[in-house]
Each structure stands twice: as structure tokens, then as C-alpha cells.
Amino acid sequence: MNSWIDLQLAAQTVATFTGAGLPDFMPHGYCFLWDPLVLWLNVISDALIVVAYYAIPIALIYLVRKRRDLPFHSIFWMFGLFIVGCGTTHLMEVWTVWHASYLLAGAVKAFTAAVSVVTALMLIPLIPKAITLPSLTSLQAINHQSAEGLAAYRKFEASPELPAQRRVVIGLVVAVVLTCFVSLAFWYSAALSSAEADMVAHTGVVLNTLTESAKDVVDEETGARGFALTAQEVFLEPYRAGQGKLAANMAQLEHLVQDNPAQERRVQRLKLQINSADQVATQIVARQRKSHAAVDIPLLREGKKCVDAVRSTIQEMQNEEARLLAERSEKTNRARRLTKVSVILGTIVGLGILSLTWLSLRRQIELAGMARAQVSRFNIELEQRVTERTSELEAINQSLEKEVRARADAEREVRESQDRLSGVIGSAMDAIITVDNRQQIMFFNAAAERMFGCRAAEVIGESVERFLPERFRARHSQHIQRFGETGETSRAMGALGPICGVRSDGEEFPIEASISQVTAGAKKLFTVILRDITQRKNDEQEIRRLNEDLELRVVQRTAELQAANKELEAFTYSVSHDLRAPLRHINGFTRILVEDFGTSLPEEAQQHLKRIEQGTNRMGRLVDELLGLTRVGRQSLALQVTGLSSIVREVVAMLEPEIEGRQVEWKVAQLPFVECDPTLIRQVFQNLISNALKYSRPRSPAVIEIGQIENKGEQAIFVRDNGVGFSMKYVDKLFGVFQRLHRSEDFEGTGVGLATVQRIIQKHGGRVWVEAELDRGATFYFTLSSLGRAVTGSAATAGGQA
Amino acid sequence: MNANVDILLVEDSQDDIDLALHALRQGKLANSIFVVRDGEEAMDFLFCRGEFAGRSFDHPPKVVLLDLKLPKVDGMQVLKQVKNDPRTRTIPVVIMTSSKEERDLVESYGSGVNSYIQKPVDFEQFRGTVKTLGMYWMVVNQPPLSHEVRQAAAHER
């Protein structure tokens, strides 16, 4: 009986513990009516969910630890907590199947709910941020860019640490799973113990009730027998007590064994047997009351037989209950052993895995330490190298700075030069366009903008052909190509022949172009300089028109002049013929008068006649000289190489008669041979020498000097005398026709001679001038255009002096 | 009357004629002078036609003193006619004129003139020139025989 009490106590303890102070609630398993299928379906599903839920935060923690670059760490932690909460909630589901710890389960759910709500609230503001996170494609692009870095990183990751880390994680997961499993086994064992206690208590109650029932039956039979034997009412007390208690005991027994059909059948049989015993006992009692003291022995025997049957059935039932108890205990013990083995094995395996994990972790930590040490060693080396490299770099930097300064100077110079150049190009009056070998415009200066009426920005990159009329394009293209092939560097303005340009408004205009090519890098560039020659063309046309006009006028004027010349010739011809005739007549008849009748005329009349004669003679000379002067103007030069010395000699010889009786000193130098009209030059010498003789008439000896002199780089012939000279203030009049500086009474003359000299010299492309002083003589100079290239070599052969 | 003319004076101006005759007379050369007053008359005389048709080529003047400026036919034309015709070519022609224009000189000599004299204004000089001239052509110069001239002329034709 002690073992029964122990079992009951144990059952109560378990119930108190698992009921968490709420022993009134049924465990959740009652909801499943303890149907094994429903129960285990729920339990296993919940357990799997728990495992999964506990595994997810581990994965999350691993991910977050690995990917420290990932944003929203707090949300990850919240997720972890939330999932652990969910897992625990499911764990509680399993727990409450057997234990009515609904307060604890509710607390866990409340915690999970709080965490869920907070997580959800935290998620809301993160959604926009999450949307702006880089997309997969952009991340791929970035990944691609950092491919090199990744490759290096992978090399590092490929070290044995990665599997080790994986091992640790797997180990941890397995350990957790095993721990869960051990806990489950433990709780399973506990649940088994509880069930066993319940069953022991149940069996105890059944046995008790059976024992009570057996005692009651015995009490009733014994009471009835005692009454029958003694007829004393006292024996009827146990009989009545047994009879009263039996019904209640049987009802309880019926209730207790309703889960076991075999026992139920036995209870029914027991009930029948007890009823039989009760009826027998009741007959015994009734017979005693009827026939006092007549003990019916067979009936007593009958009563004893019934009680034995009851006893036998109760014994049978007690045996059955004991057998059931033993069987269940054996089953429970088996399960307990299995649980024990599982717990021990699970713990051992878990501890083993944890140890391995710990070892792996240690190894990793060691490796990390080694790596860190290596890294710090590397760092030190690296720092050394960085220091060395830094000093190297500083040196390089200094030289670079120097170079940079030099380059900056050079650049500034280049820039200034470019500025100057672009200033020149920009302010150039000609359009300057640079094109590449595909004729695309690369540069377009301000003059080009003005010329074509468009902005440089509009045409850069366009073909230059847009500025050419359709008909020139093919030719221009060929020309540029040919030009590019010849290797010539430039062609001058107008080398392209007459071409036209087209302004933006479609107006064509003539241009003159020059082209040059330069090679810039691998590119061949052509610079075309264009000049708008519209104005020039107009000017040329105007000039042509004016020229034509002028030519017409020249023709007209020539005709006029020819007519005038003819008239003049006719006039001089007339003068030559007709003006002299009357003079001859006057002179002739005056002479005849004097000769024939002179003796009969008074002296005074003869003087007058003489005056008339002289007058006509002077008039004749005048006419002759005038005609000579006009003849110089009209006649063209008959040039031939002439020795001036011989001309002078002839003239001097011709004038000899005039100086008869005078003392004249001639100083005639050697004169050159020149190309001239000898007749006219003879006239010049004749006039000049006769003048010299005439105005030196008062001198004795008269000195006449004829020679050559160099004056201001040009050769001049001079005729000098030591005569009366004249004042230089009248020099302007000297070469005018009919101009005289002396009275006719003193020095005869017509005033035509020097005019004739001037005209002849001018006709020979020379000039004539005079230097004189009153009473100091005069020097006449003349040059001839041919005098500079005088044939002096021949002069030596010219011969003697005059 | 004009069968044997030594000097044919062709001159339109009476003054000039008088002066020339005066000078010739003083030079003792005035005995057989014939004066005609224009070119046409001179041509008629020399080519023995018109009023001078009675004349003969066999008796040409010894010299012709020819002025250039003449009425009707000028002196240059007369000269050219005379010098172009074989019958008269040998007659000495002396141009006596006021002008000494170069072109006259050139043309005259080109046409075969025998002498070209500008009449000086001074009468004394004129007289000297005429005297010399007369002496030369009358006395010094030797003309060809007239029948030979005729034969040559005939032959030329």
C-alpha cells in the first residue's frame, strides 16, 4: 500500500508544478480529446516552427555580423527578437498541451505582440529608404567596377576560415536543435511520469473500492448468518451497513472502470453476484424472522457460495488491475529509460558539438589573432615602406612642383601667344576658316561670321560646302583633296581661280581664296583665307569703265591735238613762207632805194632807210628763230651716238668769223659720246657758245670754258664765260620766249635762243640751269638722259681739241 | 620770142619778180629771162603746150627758178612733172622760196630738184646768191645736148 501513496504524492507534486499555480485549468490536450493524431500533429508542427523560428534569428545575426555595411541594424535586431518571440509562442503551444500554464503563455504572447507592433512601426519609416536602396542592376554595375577588389577579397575569404565559420554556425544550430530535443525529451518524460502517477492513483482507487466492496459483501453475509443463528438483532447491523455501502461502491467502481471493457464486464458480473449474495442474505434474514431459530442450512450454504463467487470475482478484478498497473509501469519505465538515454545521448552529443564548435571558434580566434599579428607586422612593414615611399614622393613632388611651375610658365606663354594669335585672327579683315580633311569646319573667325552672316557656333562641325554655290562644290572638294596629296603647304590668294561664296541669306558674292595645310597630330587641317572681293570687282569694273572712257577721251584729245598740230604746222608753214616775203620786199626795195637814189637823199633819210633795213633783218632772224623753236617742238628726235666734242669743234669753227679781232681763250675739255639728235644738240651748243661769246664781248681776253661736271650724282655739260653775267633774281625769266635781261642796244638778240635750248634739252629727257653773277660771268649747265650711260670709252678716239 | 630762154622765172609776186630781176640785172644775167606767174603757165611753157605750143623741147631753158607757193599748180607739182618727164628731166630746177621748212627740202630733193635756196631777207645777201646762182648755171654748168636728150626720151618711151 506504501507504493500507492508514493505514486499519488508524486502525481500531486507534478500537477502542482506544471499547473503554475492554476491547477483548476485543464491542459490544452483536452481540447484535442487526447487524440494522438491531432495532438502530435499540433505538437510536431509547433516544434518544427519553433526550430525554424529559432534558426532564423541565428541566420539573421550571422548575416548582420557578416554584412556590417548593411543599413538598418536596429531593425534586424527587432526582427530577430520578433521571430524569437514567435518561436517561443509556439513553444508555449507545445507546453500547454500538457500543462495549463496559460498565464505564462499569455505573457509570452504579450511580449511577442509588443515586439511585433514596435517592429511594424519601425518598418514604416524605413520603406521609402528601402525603395531608394540601389537596385540590383546598379549594384551589379558597382560590383563589376569593384571586380578587382572582390577578387582580392575572395582570395582572402577562400582561406580555411570560411568553412570553419560555417562549421561553427552549423554546430550552434545543431546544438540548439539538440537542446530543444533534450528539453522535449525531458518534458516528455515528465509528462509520462505525470500520466503514470494518475494511473497509479486510479488503480489504487479501483483496488480500494474493490476491497471495500468485498468487505461489505462479507459483512452483509456474515451479519445475515449471525442473525439466522442467534436471531439477535445486533448481527443485523453489519448486514445493513454492508448492504448500504455496496450500492455506492458499485456505482463508483462502474465509473472507475468504464475505460476498460474487460473490467467493466467483470463489474457487471460482480454486481450480479453481489445482488445474488444480497438476495440470499435477505432470504436468510427474512426466514429467521418467520421461523425463529430454524436455521436453514442449505440456504446458509447458498449464501456462502455467493460470497465466495463475489470474493473470486473481486480477486480476479484485483489481479487484473495489478496486472494492468504492472504493465503500465513497465511501459513507463521503458519510456523513461529511452528518455534517459536520449537526454544523456543528446546532452553528450550537444556537448560534443558545442565543444567542437568551441574548438572551431578557438581555432578561428587563434587564426584571427595570427592574421591580426601578421596584419600588424605587415602594417609595420607597410608603414616603413610608406615612410620611405613618402620621402621618395616628397622628392618627386618637389621636382614635379618645379616642373609644374615651368610648365605653368610655358602654358602662360602659350596662352598669351594664343591670345595674341586669336586676337590677330579675330581682328583679321579676311575670313579665316579651318577645316579637316572631311571638310568639316573646325574654326570660324569673326570676319567669317560677318562675311557669311552666321555665328561660329552654328557652323562648327558642319561642312564648309554650305558656303559654296552648288556648281563649285565638286571642284572645290577635288581641289582640297589634290592639294592635300601634293604636300604643298600653301597656295596664294587667287590660285583657286575665280570662285564665289554664298551668304546665309543665299546671296552669292565673289571671293578670293588662299589655302594652306598643316598637320596637327595625325590630322591634316586646311586653313582657308577668304576675301570678299565684291568691292574690288566693282572697283575693277569702274576702273575698266573709266579706262575705256579715258581711252575714248584720249582718242578724242589726240584727234583734237592732231588737228591743232596740223593747224599749227599750217600756220608755221604760212609764217615761214608768207611772213618773210614782205620783209624781203621791204629790205630789198630799201636797199635798192639807197643804192640807186642814195646820193640824192639827205643824210638823215639815208639813216632812216638804214634803220628800216636793220629792222627787217632783225625781224627775219626773229621769224627764223621762232620757226626753229616750233620745229624743235614738232619734230621727233633722230637719235644717234654722237661725239659731243666734235659738235663743239664744228660750232666753234662756225662761230670763228664772229670773233674776228677779239681775244678769246677757249678751254674745251674732252666730252663724251652720247645718244642724241645731233642737229638739235648742235643747235644747243651753238646757242650757248654764241651767247657766251656775245656777253663776254667786253672782256679781253674772253674766257669760254666747255666741259663736263658731276652734280648731285648726275653728269652735266657746262658752258662758262667770264662775261657780264646777270643777277640770279631774274633767273626765272631767262628761259622764257622773248625774255631778255639786257638791252638790245648793248647785246643784240631775240630772246628765243635759250627757250630753244631748254626745249631741246627737255626733249632729250634732261634739264638745263644756270649759275650767274652780275659782272662775274655765267655758267649754263645741261644734262641729257643718255649722259649717264655715255660711251666714254669712245671718247678717247674723239680726237683733238678745237 | 621765147625761143631761146636762158632763165625761166616762176614767181607770182610782182615784188619778188622785180627784186629778182633787179638782182639778175645787176649780175649781168637778165638778157634772156622769161617770167611766168603761176604753175600752170610754167607747165605749159616747159611742156611746150597751150600758148607756148610753138616752143620746142630742143630749146629748154638753162635753169628754172621756181617758187613753191604758186597759184593754180604749186611749185612742187611743177617740179615733179618736170622731173618725171624724160623730155624735161634734164632741165635744172632751182627752188627759190621764203621757207626752209625741212619737209619742203626733203620733198624737193626727193623729187629731183637741182638746188634749193631760201631767199634771205637781207637784199644784199639775196643779190649775192642770185649772182652766184646765175653764174653757175649759165656759165659753169654744162647741160647735155638737146638731141641726145630727145633720143634718150624717145628710147625710154
Side-chain angles (χ1 to χ4, degrees), chain A residues 565-566 568-598 609-638 657 677-680 683 750, chain B residues 9-28 30 37-39 65-71 73-79 95-109 116-131 133:
Chain A
N565 221 18
K566 231 171 208 159
L568 189 65
E569 253 175 60
F571 170 73
T572 53
Y573 193 75
S574 294
V575 168
S576 171
H577 276 275
D578 302 336
L579 228 57
R580 290 173 81 253
L583 290 174
R584 277 189 293 105
H585 299 159
I586 295 164
N587 186 284
F589 287 114
T590 310
R591 186 77 224 158
I592 291 165
L593 194 62
V594 170
E595 283 177 4
D596 291 359
F597 308 102
L609 288 170
K610 201 172 173 71
R611 289 266 177 86
I612 291 168
E613 230 183 301
Q614 285 171 348
T616 51
N617 276 335
R618 202 162 60 245
M619 184 71 181
R621 269 203 308 282
L622 199 59
V623 169
D624 284 348
E625 285 182 13
L626 267 178
L627 286 173
L629 183 66
T630 59
R631 198 179 298 124
V632 170
R634 284 179 286 125
Q635 277 177 352
S636 54
L637 295 176
D677 187 324
T679 315
L680 294 179
Q683 181 79 53
T750 55
Chain B
L9 179 62
V10 189
E11 180 65 77
D12 62 326
S13 159
Q14 189 56 55
D15 290 337
D16 277 316
I17 293 168
D18 288 348
L19 287 173
L21 288 178
H22 194 271
L24 286 169
R25 226 179 280 121
Q26 283 189 336
K28 316 281 188 239
R37 303 292 295 270
D38 60 50
L65 300 179
L66 182 64
D67 193 6
L68 282 179
K69 286 203 74 173
L70 292 170
V73 179
D74 71 20
M76 199 62 75
Q77 286 299 318
V78 176
L79 171 68
I95 286 179
M96 283 182 65
T97 178
S98 296
S99 155
K100 57 167 188 178
E101 281 294 306
E102 192 70 15
R103 66 166 193 210
D104 285 344
L105 277 161
V106 171
E107 199 176 352
S108 302
Y109 278 108
Y116 189 103
I117 289 159
Q118 187 195 26
K119 292 182 248 183
V121 172
D122 187 68
F123 185 69
E124 288 240 12
Q125 280 183 37
F126 179 66
R127 195 161 48 196
T129 304
V130 168
K131 192 177 174 181
L133 192 80

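Naming convention: chains lettered A, B, ... in sequence-line order (proteins, then strands); numbering from 1 in each chain.
- Looking at A/L627, only its side chain comes within 4.5 Å of chain B, counting heavy atoms on both sides.
- Atom CZ of A/R611 is surrounded by 12 or fewer heavy atoms from other residues, nucleotides or ligands within 6.0 Å.
- Residues of residues 615-625 of chain A lying under 4.5 angstrom from chain B, judged on non-hydrogen atoms, are A/T616, A/N617, A/G620, A/D624 by number.
- Of the atoms belonging to B/Q118, it is side-chain heavy atoms, and not backbone ones, that fall under 4.5 Å from chain A.
- Residues satisfying the side-chain contact (heavy atoms from CB on, under 4.5 Å) test with B/Q26, not counting sequence neighbours, are A/E595, B/H22, B/R127.
- Every residue meeting the side-chain contact (heavy atoms from CB on, under 4.5 Å) condition with B/S13, not counting sequence neighbours, appears here in chain and number order: A/H585, B/E11, B/D15, B/D16.
- A 6.0 Å sphere centred on OH of B/Y109 holds more than 12 heavy atoms belonging to other residues, nucleotides or ligands.
- Listed by chain and residue number, A/L639, A/D677, A/L680, A/K763, A/H764 satisfy the side-chain contact (heavy atoms from CB on, under 4.5 Å) test with A/L637 (two or more places apart in sequence, or in another chain).
- Listed here is the closest heavy atom pair of B/L68 and B/D74: O-CB, 3.5 Å.
- Applying the side-chain contact (heavy atoms from CB on, under 4.5 Å) test between B/M96 and each of B/T129, B/I117, B/L66 identifies B/I117 as the sole match.
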